[in-house]
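Note that the numbering runs from 1 along the sequence shown for the chain.
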Amino acid sequence: MTSFSLSQLKLRPGEEHRDELEVELPAFEFGGERYVPVPEKVRTELVVTRANTGVVFSLALAARLHGPCYRCLGDAVLDVPIRAREYQATDPEDEQMTTPYVVANRLDVSAWARDAVALALPDKILCRPDCAGLCPVCGKNLNEEPHTHAEEQADPRWAALETLRERL
Ligand SMILES: [Zn+2]
Ligand SMILES: [Zn+2]
């Protein structure tokens with residue numbers, strides 16, 4: 001777990017402290033599938049700014065996840081850029097103004113980064129935005145083998161045309 005100790009921080013209001021940390025991300029379960037961060041350890045920029053009544057934390061990282069495409073089950077790679085912000089009030093009475101990631105004067109950067117990535121995931125993870133998916137009839141990958149089946153015959157409008165044609 002990567003965390004950042006706040007007790008070492010000697011900042012006056014308006015001053016900031018920048019740090020680069022290596023944060024290990026876990027694999028994400030999403031829609032019943034597993035998405036693995038590559039690389040597992042991402043370089044993360046943390047900026048801590050002292051305000052008059054508390055501390056502002058800013059987190060920036062770029063995660064990359066590998067896993068199956070929602071439509072075709074092929075390999076999908078998803079870039080997840082993260083910019084997040086948390087605030088911790090100096091007055092501990094002010095519970096509305098505290099971040100859950102500060103525990104015992106340490107900022108849990110790992111938990112924050114993990115949650116931020118999980119929140120930033122799209123509805124569907126696709127290998128490409130226009131992925132054609134799998135054929136609903138035969139199950140083949142429509143990206144590799146674009147095809148259609150002779151479903152027209154099942155369409156009643158075509159059946160009506162067929163009857164017309166027979167009469168002619
Ligand atoms: Zn796909
Ligand atoms: Zn097919």
(message) Suppose clustering is done on Ile, Leu, Val, Met, Phe, Trp and Tyr with side-chain heavy atoms closer than 4.5 Å. Which residues sit in the same group as Met1?
(response) none
(message) Under 4.5 Å side-chain heavy-atom separation, chaining through any Ile, Leu, Val, Met, Phe, Trp or Tyr, what else clusters with Val38? Say none if it is isolated.
(response) none
(message) Would you say that Ser3 contacts Ser110 through its side chain, given a criterion of any heavy-atom pair below 4.5 Å between the two side chains?
(response) no
(request) With sequence neighbours excluded, tell me which residues meet salt bridge (Lys or Arg N to Asp or Glu O under 4.0 Å) with Glu145. (result) Lys140
(message) Filter on side chain to side chain donor-acceptor pair (under 3.5 Å), then keep only pairs touching residues 117-128, sequence neighbours left out; what's left?
(response) Arg128-Asp130, Arg128-Asn143
Which donor-acceptor pairs under 3.5 Å do the side chains of residues 53-67 make with protein atoms, sequence neighbours left out?
unit_1 : atom_1 : unit_2 : atom_2 : d
Thr53  : OG1    : Tyr87  : OH     : 2.7
Arg64  : NE     : Asp79  : OD1    : 2.7
Arg64  : NH2    : Asp79  : OD1    : 3.3
Arg64  : NH2    : Asp79  : OD2    : 3.1

(message) Please enumerate all residues that pass side-chain contact (heavy atoms from CB on, under 4.5 Å) together with Arg114, with sequence neighbours excluded.
(response) Pro26, Phe28, Ala111
(request) Kindly state each residue pair satisfying salt bridge (Lys or Arg N to Asp or Glu O under 4.0 Å) with at least one member in residues 46-57, sequence neighbours excluded. (result) none
(request) Sequence neighbours left out, what passes side-chain hydrogen bond (donor to acceptor under 3.5 Å, both in side chains) with Glu86? Give chain and number order. (result) Thr99
(request) Report the hydrophobic cluster partners of Leu73, with the cluster defined as I, L, V, M, F, W, Y residues connected by side-chain heavy atoms closer than 4.5 angstrom, directly or transitively. (result) Leu134
(request) Just jot down the side-chain hydrogen bond (donor to acceptor under 3.5 Å, both in side chains) partners of Arg18, sequence neighbours excluded, or say none. (result) Glu16, Glu45
(message) When you compare the side chain of Val80 with that of Leu121, does any pair of heavy atoms fall below 4.5 Å?
(response) yes
(request) Considering only Ile, Leu, Val, Met, Phe, Trp and Tyr, and joining two whenever side-chain heavy atoms are under 4.5 Å apart, list the other residues clustered with Val77. (result) none
(message) If the condition is side-chain contact (heavy atoms from CB on, under 4.5 Å), which residues does Glu20 pass it with, not counting sequence neighbours?
(response) Arg43
